[in-house]
Amino acid sequence: MSAIHSRGPTDGFPPLPPAFEGYADESLAQAPAGGPGKNGLLEATFAREGANPTRLIRDHVKVPYHLTGTLESDPAPGLTTLVAQEPTGGVAQGDRHRMVIDARAGSRAHVTTQSATKVHSMGANYAHLDASLKAEAGSYLEYLPGATIINEDARCLQTVRVDLADDACVIVGDILVPDGLSDHEPFSLDHYHARVEAEHDGRLVCADAVDLRPSERNPQDSASVGEYGVIGSLYVFAPASSDRTAAFRLEELVEGIYDRISDREGVQAGVSTLPHEVGAVVRILGHREADATETLRAAWDETRQQRLGVGAPADRRY
């Protein structure tokens, strides 16, 4: 069979890092990169009137994403849950998956996945997982997918872009498990790059990246993750209309998160403020996924307690 050469669709995706531009030139012997069944798209718009429940007022889905409506089981008043399903069983070379989530003013939504995202081994090209999140004034949006499990020789680019209005709150979480599901050495992936960018009022307020290239530098050296094998990140973007109010709320939030995540067995975790007092970022290193996930949930729970007055819901996926 002759090889099919294609970069795949680029509309809606952010610019590629230089290394991934080179990967995009690599041809695939099966379906083209971003071709049918490999160009996943999930678009969802949430809206809410007053104290009524949040509703999913628009959605558009392309395989391999699938939706079966929303769930109303969250303890937070007016908050709805959307679970993105992916029946294909994992992410393969040449896959391009994109989410576009719009939270209208005053709405409250939690977006997650049915389970962990398994990124399979690759021989060419790469996989790109992208999420674009827009939060209008007074909205509350959580994007907390299951863990990302990276298998041997995989190349995975993850990008999250956040557009924030005043008094909106967006929470983004991620757990990276780099030892995959097969019998191989930890961090035997080819290339993993995860980038989170956030803008508030047209100004870039966060640009954070985790970039792992084991063939060039050992991720487990003392300047990277050291002895640990799981990486967790939680971003809380919560700009307020008043700088004084923002600073006061942010100080309470950071102190509350620190009290919840410090001195935990099996993990090292820290929290710091973001520029322009728009939020906080938590970084977690753990030996086990369960420990890192539990620590991330503690930081998420604290944020919810302070912002919504209720804690995080039970996670019944695992």
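Side chains are part of it too, since the values below use all heavy atoms of this structure and drop only hydrogens, waters and symmetry mates.
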Looking only at non-hydrogen atoms, find the nearest pair between Glu152 and Ser188 and report the distance.
-> CG-OG, 3.6 Å
Side chain to side chain, Leu189 and Pro214, heavy atoms closer than 4.5 Å = yes
Validation row: Asp174, Thr148 side chains within 4.5 angstrom (heavy atoms) | yes
State, with a plain yes or no, whether a side-chain heavy atom of His200 is found less than 4.5 Å away from one of His276.
-> no
Take Lys62 and Asn39 through the side-chain contact (heavy atoms from CB on, under 4.5 Å) test and state the conclusion after the steps.
-> CA-CA 7 Å; Lys62 292 174 62 176; Asn39 183 22; 3.5 Å; yes
State whether the side chain of Thr113 and the backbone N or O of Gly146 hold a donor-acceptor pair below 3.5 Å, judged by distance alone.
-> yes
According to a 4.5 Å side-chain heavy-atom criterion applied to Ile, Leu, Val, Met, Phe, Trp and Tyr, with indirect links allowed, do Ile261 and Ile231 form part of one hydrophobic cluster?
-> no
Using the rule that two of Ile, Leu, Val, Met, Phe, Trp, Tyr join whenever any of their side-chain heavy atoms come within less than 4.5 Å, decide whether Ile257 and Leu285 are in one cluster.
-> no
Search all heavy atoms of Ala44 against all heavy atoms of Leu56 and return the closest pair with its distance.
-> CB-CD1, 3.7 Å
Is it possible for you to say whether Leu308 and Val254 belong to one hydrophobic cluster, with membership spreading through side-chain heavy-atom contacts below 4.5 Å?
-> yes
Check against salt bridge (charged side-chain N to carboxylate O under 4.0 Å, His left out), Glu26 and Arg155 = CA-CA 12 Å; Glu26 296 178 356; Arg155 296 169 175 170; 2.7 Å; yes
What's the spacing between Arg108 CZ and Ser139 OG if we round to 0.5 Å?
-> 10.5 Å
Counting only heavy atoms not in Asp263, do more than 12 fall under 6.0 Å of its CG?
-> no
Derivation of the side-chain contact (heavy atoms from CB on, under 4.5 Å) call for Val162 and Val172 | CA-CA 9 Å; Val162 181; Val172 177; 4.2 Å; yes
Determine, stepwise, if the pair Val282 / Leu296 fulfils side-chain contact (heavy atoms from CB on, under 4.5 Å).
-> CA-CA 8 Å; Val282 179; Leu296 186 145; over 6 Å; no
Ignoring hydrogens and geometry, is there a side-chain-to-backbone donor-acceptor pair from Ser224 to Gln220 under 3.5 Å?
-> no
Flag for His191-Arg213: side-chain donor and acceptor within less than 3.5 Å | yes
For Pro64 and Thr88 the tightest heavy-atom approach is CB-CG2, 3.3 Å
Flag the pair Arg55 / Ile57 as yes when at least one side-chain heavy-atom distance between them is below 4.5 Å, and no otherwise.
-> yes
Check whether any side-chain heavy atom of Leu157 sits under 4.5 Å from a side-chain heavy atom of Pro17, and report yes or no.
-> yes
Is there a side-chain contact between Leu16 and Tyr126 (heavy atoms, below 4.5 Å)?
-> yes
Salt bridge (charged side-chain N to carboxylate O under 4.0 Å, His left out) partners of Glu72, counting only residues at least two apart | none
Salt bridge (Lys or Arg N to Asp or Glu O under 4.0 Å) partners of residues 125-140, not counting sequence neighbours, each pair once | Asp130-Arg161
Gln306 side-chain N/O to Glu252 backbone N/O, donor-acceptor pair under 3.5 Å | yes
Is Val210 close to Arg283 at the side-chain level, that is, under 4.5 Å between some pair of heavy atoms?
-> yes
Side-chain (Asp166) to main-chain (Ala137) donor-acceptor, under 3.5 angstrom | no
Quick one: closest heavy-atom pair of Arg195 and Ala207, and the distance?
-> NH2-CB, 3.6 Å
Flag yes if Val225 and Tyr192 sit in one hydrophobic cluster, no otherwise; membership is Ile, Leu, Val, Met, Phe, Trp, Tyr, and two members link when side-chain heavy atoms are under 4.5 Å apart.
-> yes
All heavy atoms of Thr293 vs all of Ile175, minimum pair found to be OG1-CG1, 3.9 Å
What is the distance from atom CG of Leu28 to atom CE of Met122, rounded to the nearest 0.5 Å?
-> 10.0 Å
Can you check whether Val91 reaches Glu86 side chain to side chain, under 4.5 Å on heavy atoms?
-> yes
Could you go through the side-chain contact (heavy atoms from CB on, under 4.5 Å) check for Val196 and Phe237 one step at a time?
-> CA-CA 11 Å; Val196 175; Phe237 303 108; 4.1 Å; yes
Tested for side chain to side chain contact (heavy atoms under 4.5 Å, CB included) against Asp301, the lone hit among Arg304, Gln305, Arg297 is Gln305
Within the distance-only criterion (no hydrogens, no angle test), does the side chain of Gln93 pair as donor or acceptor with the backbone N or O of Gly123 below 3.5 angstrom?
-> yes
Gap between atom OG1 of Thr117 and atom CG of Leu176 - 0.5 Å precision | 11.5 Å
Pairwise distance CG(Asn218) to CZ(Phe187) - rounded to 0.5 angstrom = 8.5 Å
Determine the sole option in Leu164, Val160, Val236, Ile101 for which the side chain to side chain contact (heavy atoms under 4.5 Å, CB included) test with Val170 is passed.
-> Leu164
Has Gln268 got more than 12 heavy atoms of other residues, nucleotides or ligands less than 6.0 Å from its CD?
-> no
May I ask whether Val61 and Phe46 are part of the same hydrophobic cluster, defined by side-chain heavy atoms of I, L, V, M, F, W, Y residues being less than 4.5 angstrom apart, directly or through others?
-> yes
Of the non-hydrogen atoms in Ala127 and Ala92, which two are nearest, and what is the gap between them?
-> CB-O, 3.8 Å
For the ring pair His97 and Tyr65, is the centre-to-centre distance below 6.0 Å?
-> yes
Calculate, to the nearest 0.5 Å, the distance between atoms SG and NE2 belonging to Cys156 and His120 respectively.
-> 12.0 Å
So, Thr54 side chain and Leu79 main chain: donor-acceptor pair closer than 3.5 Å or not?
-> no
Which value, rounded to the nearest 0.5 Å, describes the distance between Asp25 atom CG and Phe20 atom CZ?
-> 13.5 Å
Sub-3.5 Å donor-acceptor pair from the side chain of Thr112 to the main-chain atoms of Leu144, do we have one?
-> yes
